[in-house]
Asks: 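Here's a structure for you.
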Amino acid sequence: MAFPGRTNGLGDRTGPLPPAGLSLGLLLLRLMLGIIMTGHGTQKLFGWFGGPGIDATAKFFGADGYPAPRTMAVVAGLCETLGGLGLALGLLTPLAAAAVLGVMINALGVTWDGGFFLPKGVEFTLLVALAATALALTGPGRYSVDRHLPGLRRNRPAYGVGAIVLALVAGAVILLIRT
(Lines give C-alpha, C1' and ligand atoms only; values in the text may rest on other atoms or scores of the structure.)
Protein backbone atom coordinates (compact mmCIF):
# COMPACT_ATOMS: atom_id res chain seq x y z
CA MET A 1 0.00 0.00 0.00
CA ALA A 2 1.53 3.32 -1.00
CA PHE A 3 1.04 6.45 1.05
CA PRO A 4 2.22 9.94 0.13
CA GLY A 5 5.77 10.49 1.37
CA ARG A 6 6.94 13.35 3.52
CA THR A 7 10.25 15.14 3.67
CA ASN A 8 12.18 16.33 6.70
CA GLY A 9 12.62 19.84 5.32
CA LEU A 10 15.99 18.99 3.79
CA GLY A 11 14.50 17.07 0.92
CA ASP A 12 15.17 13.73 2.64
CA ARG A 13 12.19 11.40 2.35
CA THR A 14 11.11 10.10 5.73
CA GLY A 15 9.02 7.41 4.13
CA PRO A 16 5.32 7.01 3.59
CA LEU A 17 2.95 7.98 6.35
CA PRO A 18 0.04 5.63 6.93
CA PRO A 19 -3.37 7.26 7.33
CA ALA A 20 -4.03 8.73 10.77
CA GLY A 21 -6.92 6.33 11.49
CA LEU A 22 -4.79 3.28 10.73
CA SER A 23 -1.97 4.65 12.87
CA LEU A 24 -4.36 5.34 15.73
CA GLY A 25 -5.65 1.77 15.56
CA LEU A 26 -2.09 0.43 15.56
CA LEU A 27 -1.23 2.68 18.51
CA LEU A 28 -4.18 1.33 20.52
CA LEU A 29 -3.25 -2.26 19.70
CA ARG A 30 0.42 -1.64 20.53
CA LEU A 31 -0.39 0.08 23.81
CA MET A 32 -2.77 -2.59 25.05
CA LEU A 33 -0.59 -5.52 24.00
CA GLY A 34 2.52 -3.77 25.31
CA ILE A 35 1.00 -2.99 28.69
CA ILE A 36 -0.33 -6.52 29.10
CA MET A 37 3.01 -8.11 28.17
CA THR A 38 5.04 -5.70 30.32
CA GLY A 39 2.77 -6.55 33.24
CA HIS A 40 3.19 -10.28 32.70
CA GLY A 41 6.96 -9.92 32.42
CA THR A 42 7.29 -7.88 35.61
CA GLN A 43 5.13 -10.43 37.41
CA LYS A 44 7.68 -13.09 36.49
CA LEU A 45 10.78 -11.01 37.17
CA PHE A 46 9.82 -9.00 40.24
CA GLY A 47 6.57 -10.43 41.59
CA TRP A 48 4.78 -7.18 40.78
CA PHE A 49 1.00 -7.06 40.29
CA GLY A 50 0.51 -10.20 42.37
CA GLY A 51 2.93 -12.23 40.25
CA PRO A 52 5.02 -15.17 41.38
CA GLY A 53 8.45 -13.56 41.14
CA ILE A 54 11.57 -15.10 39.68
CA ASP A 55 11.98 -18.01 42.13
CA ALA A 56 8.43 -19.33 41.69
CA THR A 57 8.60 -18.75 37.94
CA ALA A 58 11.86 -20.73 37.80
CA LYS A 59 10.21 -23.54 39.75
CA PHE A 60 7.36 -23.58 37.22
CA PHE A 61 9.84 -23.71 34.32
CA GLY A 62 11.72 -26.57 35.99
CA ALA A 63 8.51 -28.54 36.51
CA ASP A 64 7.72 -28.10 32.81
CA GLY A 65 11.05 -29.63 31.81
CA TYR A 66 13.03 -26.55 30.84
CA PRO A 67 16.79 -26.83 31.39
CA ALA A 68 18.34 -24.07 33.51
CA PRO A 69 14.90 -23.03 34.75
CA ARG A 70 16.05 -19.82 36.45
CA THR A 71 17.75 -18.66 33.26
CA MET A 72 14.70 -19.55 31.21
CA ALA A 73 12.47 -17.67 33.66
CA VAL A 74 14.68 -14.59 33.35
CA VAL A 75 14.70 -14.85 29.55
CA ALA A 76 10.91 -15.20 29.42
CA GLY A 77 10.41 -12.32 31.86
CA LEU A 78 12.80 -10.07 29.94
CA CYS A 79 11.24 -10.95 26.58
CA GLU A 80 7.78 -10.12 27.89
CA THR A 81 8.88 -6.95 29.70
CA LEU A 82 11.18 -5.50 27.05
CA GLY A 83 9.06 -6.77 24.16
CA GLY A 84 6.00 -5.23 25.78
CA LEU A 85 7.73 -1.91 26.36
CA GLY A 86 9.01 -1.92 22.78
CA LEU A 87 5.53 -2.55 21.42
CA ALA A 88 3.94 0.11 23.62
CA LEU A 89 6.48 2.70 22.51
CA GLY A 90 6.69 1.51 18.93
CA LEU A 91 10.43 1.06 19.45
CA LEU A 92 12.21 -1.59 17.36
CA THR A 93 8.73 -2.93 16.71
CA PRO A 94 9.62 -6.03 14.65
CA LEU A 95 12.15 -7.16 17.28
CA ALA A 96 9.76 -6.38 20.15
CA ALA A 97 7.04 -8.38 18.39
CA ALA A 98 9.49 -11.27 17.90
CA ALA A 99 10.29 -11.30 21.63
CA VAL A 100 6.60 -11.54 22.51
CA LEU A 101 5.88 -14.11 19.80
CA GLY A 102 8.77 -16.34 20.90
CA VAL A 103 7.45 -16.47 24.45
CA MET A 104 3.92 -17.16 23.21
CA ILE A 105 5.16 -20.07 21.09
CA ASN A 106 6.53 -21.62 24.26
CA ALA A 107 3.37 -20.83 26.20
CA LEU A 108 1.36 -22.57 23.49
CA GLY A 109 3.67 -25.58 23.61
CA VAL A 110 3.21 -25.90 27.36
CA THR A 111 -0.56 -25.29 27.52
CA TRP A 112 -1.83 -26.76 24.24
CA ASP A 113 -3.48 -29.76 25.91
CA GLY A 114 -5.70 -27.50 28.04
CA GLY A 115 -8.23 -26.99 25.26
CA PHE A 116 -9.09 -23.79 23.46
CA PHE A 117 -11.12 -21.70 25.90
CA LEU A 118 -9.93 -20.17 29.14
CA PRO A 119 -9.25 -20.73 32.00
CA LYS A 120 -6.89 -23.51 30.87
CA GLY A 121 -7.14 -23.03 27.12
CA VAL A 122 -4.92 -21.28 24.61
CA GLU A 123 -7.29 -18.63 23.24
CA PHE A 124 -5.58 -15.69 24.98
CA THR A 125 -2.09 -16.94 24.12
CA LEU A 126 -3.07 -17.34 20.46
CA LEU A 127 -4.54 -13.84 20.41
CA VAL A 128 -1.34 -12.34 21.84
CA ALA A 129 0.82 -14.35 19.41
CA LEU A 130 -1.23 -13.29 16.38
CA ALA A 131 -1.39 -9.65 17.49
CA ALA A 132 2.41 -9.58 17.84
CA THR A 133 2.72 -11.21 14.41
CA ALA A 134 0.37 -8.64 12.88
CA LEU A 135 2.36 -5.76 14.39
CA ALA A 136 5.61 -7.23 13.07
CA LEU A 137 4.11 -7.24 9.58
CA THR A 138 2.26 -3.90 9.64
CA GLY A 139 4.83 -1.86 11.52
CA PRO A 140 3.95 0.49 14.37
CA GLY A 141 2.28 3.30 12.43
CA ARG A 142 3.08 6.99 12.54
CA TYR A 143 2.67 7.42 16.32
CA SER A 144 5.80 5.55 17.33
CA VAL A 145 9.44 6.00 18.23
CA ASP A 146 10.40 3.95 15.15
CA ARG A 147 8.96 6.72 13.00
CA HIS A 148 11.86 8.92 14.16
CA LEU A 149 14.64 6.35 13.65
CA PRO A 150 16.36 6.55 10.25
CA GLY A 151 16.42 2.82 9.49
CA LEU A 152 12.90 2.18 10.70
CA ARG A 153 10.96 5.20 9.43
CA ARG A 154 9.38 3.15 6.70
CA ASN A 155 7.72 -0.12 7.39
CA ARG A 156 9.76 -2.78 5.68
CA PRO A 157 7.82 -6.03 5.45
CA ALA A 158 11.11 -7.94 5.21
CA TYR A 159 11.94 -6.80 8.78
CA GLY A 160 8.62 -8.17 9.99
CA VAL A 161 9.03 -11.47 8.16
CA GLY A 162 12.58 -11.77 9.47
CA ALA A 163 11.38 -11.08 13.02
CA ILE A 164 8.66 -13.72 12.73
CA VAL A 165 11.14 -16.29 11.42
CA LEU A 166 13.49 -15.42 14.30
CA ALA A 167 10.68 -15.92 16.83
CA LEU A 168 9.55 -19.20 15.26
CA VAL A 169 13.08 -20.62 15.20
CA ALA A 170 13.98 -19.44 18.72
CA GLY A 171 10.64 -20.60 20.14
CA ALA A 172 10.95 -24.00 18.47
CA VAL A 173 14.53 -24.50 19.65
CA ILE A 174 13.59 -23.72 23.24
CA LEU A 175 10.62 -26.09 23.04
CA LEU A 176 12.81 -28.84 21.60
CA ILE A 177 15.35 -28.65 24.43
CA ARG A 178 12.67 -29.24 27.03
CA THR A 179 12.88 -32.68 28.61
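Along the sequence shown, residues are numbered consecutively beginning with 1. As a basis for the values below, the full set of heavy atoms in this structure was taken, side chains included, without hydrogen atoms, waters or symmetry mates. All values reported here derive from a predicted model rather than from experimental measurement.
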Asks: Which atoms form the tightest heavy-atom contact between A136 and I164, and what is the distance?
Replies: CB-CG1, 4.1 Å
Asks: Is there side-chain contact between I36 and F124, with at least one heavy-atom pair below 4.5 Å?
Replies: yes
Asks: To the nearest 0.5 Å, tell me how far L89 CG sits from L31 CG.
Replies: 8.5 Å
Asks: Donor-acceptor pair, distance only, cut-off 3.5 Å: does the side chain of E123 make one with the backbone of F117?
Replies: no
Asks: Just by modelled atom types, is the Y143 backbone N or O under 3.5 Å from a matching donor or acceptor in the R30 side chain?
Replies: yes
Asks: Hydrophobic cluster membership, with links at side-chain heavy-atom distances under 4.5 Å among I/L/V/M/F/W/Y: are M32 and V103 in one?
Replies: yes
Asks: Less than 4.5 Å apart, any side-chain heavy atom of W48 and any of Q43?
Replies: no
Asks: Testing the basics here: between A167 and A98, what is the closest heavy-atom pair and its distance to 0.1 Å?
Replies: CB-O, 3.4 Å
Asks: From I35 CD1 over to L87 CG, what is the distance, rounded to the nearest 0.5 angstrom?
Replies: 11.0 Å
Asks: Please give me the minimum heavy-atom distance between P52 and T57, naming the atom from each residue.
Replies: CG-OG1, 3.4 Å
Asks: Apply the side chain to side chain contact (heavy atoms under 4.5 Å, CB included) test between T111 and each candidate in D64, V122, N106; give the one that qualifies.
Replies: V122
Asks: Are L166 and I105 connected in a single hydrophobic cluster, I mean Ile/Leu/Val/Met/Phe/Trp/Tyr linked by side-chain heavy atoms less than 4.5 Å apart?
Replies: no
Asks: Show the nearest heavy-atom pair for residues P94 and D146, with the distance to one decimal.
Replies: CD-OD2, 4.2 Å
Asks: Are any of the side-chain heavy atoms of L85 and L91 separated by less than 4.5 Å?
Replies: no
Asks: What do the steps show when you test D55 against R70 for salt bridge (charged side-chain N to carboxylate O under 4.0 Å, His left out), and what is the final call?
Replies: CA-CA 7 Å; D55 291 331; R70 186 173 183 83; 2.6 Å; yes
Asks: Is L175 reachable from W112 through a run of hydrophobic residues whose side-chain heavy atoms are each under 4.5 Å from the next?
Replies: no
Asks: Which pair of non-hydrogen atoms, one from A97 and one from A132, has the smallest distance, and what is that distance?
Replies: CB-O, 3.2 Å
Asks: Please tell me whether L26 and V100 are part of a single hydrophobic cluster in this structure, the criterion being side-chain heavy atoms less than 4.5 Å apart.
Replies: yes
Asks: Can Y66 and I174 be said to form a side-chain contact (heavy atoms from CB on, under 4.5 Å), step by step?
Replies: CA-CA 8 Å; Y66 286 91; I174 298 298; 3.5 Å; yes
Asks: In Å, rounded to the nearest 0.5 Å, how long is the span from CG of L135 to CG of L130?
Replies: 11.0 Å
Asks: Can you tell me how far the OG1 atom of T133 sits from the CG atom of L101, to the nearest 0.5 Å?
Replies: 4.0 Å
Asks: V128 and L118: same hydrophobic cluster, using ILVMFWY side-chain contacts below 4.5 Å?
Replies: yes
Asks: Taking the side chain as C-beta and beyond, is there a heavy-atom pair between F116 and L126 under 4.5 Å?
Replies: yes
Asks: Minimum heavy-atom separation for F61 and M72, please, with both atom names.
Replies: CD2-CB, 3.5 Å
